[in-house]
Amino acid sequence: MIKEFFISLVHYFVDITTAVLIAATLFLTITGQQVSSYTLWEILLSGIITAIPSAILLYLDTKSVKLSVILWLIHFVLIYLTTLFLLKAFGWCEITPSSAGLTFFAVVFIYLFTGFVHYLSDKKNTVWMNQQLKKRYFSKNNVDKM
């Protein structure tokens, strides 16, 4: 279980950090701002800070659809508020209604991005596992018939 948690943590860290870099690149390109190496370290730190609740949520995920939806809504709000806090703490921007709105859309983008990446990864793994099961049971059935 702990191994799966850390694997999930690394996956979320990579996915979230990639999405944050994409969002930051778009924002910086539009505004014409430059980024320092210090900011890159802050992006990595924000990636791990927001990946931890994501990995915990996956670890706690239940079979109940209703509970899962509630947990994901709590997760979204937690990630959004954490992102606003990090924006303020790192001095990336002042928190105003417009920056809070842009942050909301950035968090939605990151959510959709990481969800899409995990969907593609899970789909690929499912196809591979089904192929392996077909090989195993097809071969076993052929041996049993002999």
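Starting from 1, each residue takes its place in the sequence as its number.
Under the 4.5 Å side-chain criterion, counting only non-hydrogen atoms from C-beta, Phe113 is not in contact with Ile16.
Thr17 places no side-chain N or O within 3.5 Å of a backbone atom of Val14 that could act as its donor or acceptor partner.
Phe116 and Ile22 sit in two unconnected hydrophobic clusters of ILVMFWY residues. Membership requires side-chain heavy atoms under 4.5 Å apart, directly or through other members. Cluster annotation: Leu102 is not connected to Leu28 through the hydrophobic network of ILVMFWY side chains, with a link wherever side-chain heavy atoms come within less than 4.5 Å. By the rule that hydrophobic residues join a cluster once side-chain heavy atoms approach within less than 4.5 Å of another member, Phe105 and Leu87 end up as members of one cluster.
Interatomic distance, CG of Leu71 versus CG of Leu78, reported as 11.5 Å (0.5 Å rounding). With rounding to the nearest 0.5 angstrom, the OG1 atom of Thr103 is 14.0 Å from the CZ atom of Phe109. A distance of 9.5 Å separates CD1 in Ile110 from CD1 in Ile79, rounded to the nearest 0.5 Å. Atom NZ of Lys123 is separated from atom OG1 of Thr126 by 9.5 Å, given to the nearest 0.5 angstrom.
Residues forming a side-chain contact (heavy atoms from CB on, under 4.5 Å) with Ile2 (at least two apart in sequence, or on another chain): Phe6. Annotation: ring pair (Phe, Tyr, Trp, His ring centres under 6.0 Å) contacts of Phe76 (sequence neighbours excluded): Phe104, Tyr111. Applying the side-chain contact (heavy atoms from CB on, under 4.5 Å) rule to Val127 yields the partners Gln131; only residues at least two apart in sequence or on another chain are considered.
For the salt bridge (charged side-chain N to carboxylate O under 4.0 Å, His left out) condition, the pairs that include at least one residue of residues 77-94, sequence neighbours left out, are Lys88-Glu94. Applying the ring-ring contact (aromatic ring centres under 6.0 Å, His included) definition to pairs two or more places apart or across chains, those involving residues 7-44 are Tyr12-His118.
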Which pairs would a plain distance check flag for residues 45-57, meaning a side-chain donor or acceptor within less than 3.5 Å of a matching protein atom at least two apart in sequence or in another chain?
unit_1, atom_1, unit_2, atom_2, d
Ser46, OG, Glu42, O, 3.4
Ser46, OG, Ile43, O, 2.8
Thr50, OG1, Ser46, O, 2.8
Thr50, OG1, Gly47, O, 3.3
Ser54, OG, Thr50, O, 3.1
Ser54, OG, His75, NE2, 2.9

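Enclosure of atom CZ in Phe85 is not indicated, since only 12 or fewer non-hydrogen atoms of other residues, nucleotides or ligands lie within 6.0 angstrom.
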Task: Verdict with reasoning, Leu73 to Val77, per side-chain contact (heavy atoms from CB on, under 4.5 Å) - done: CA-CA 6 Å; Leu73 287 172; Val77 171; 5.8 Å; no

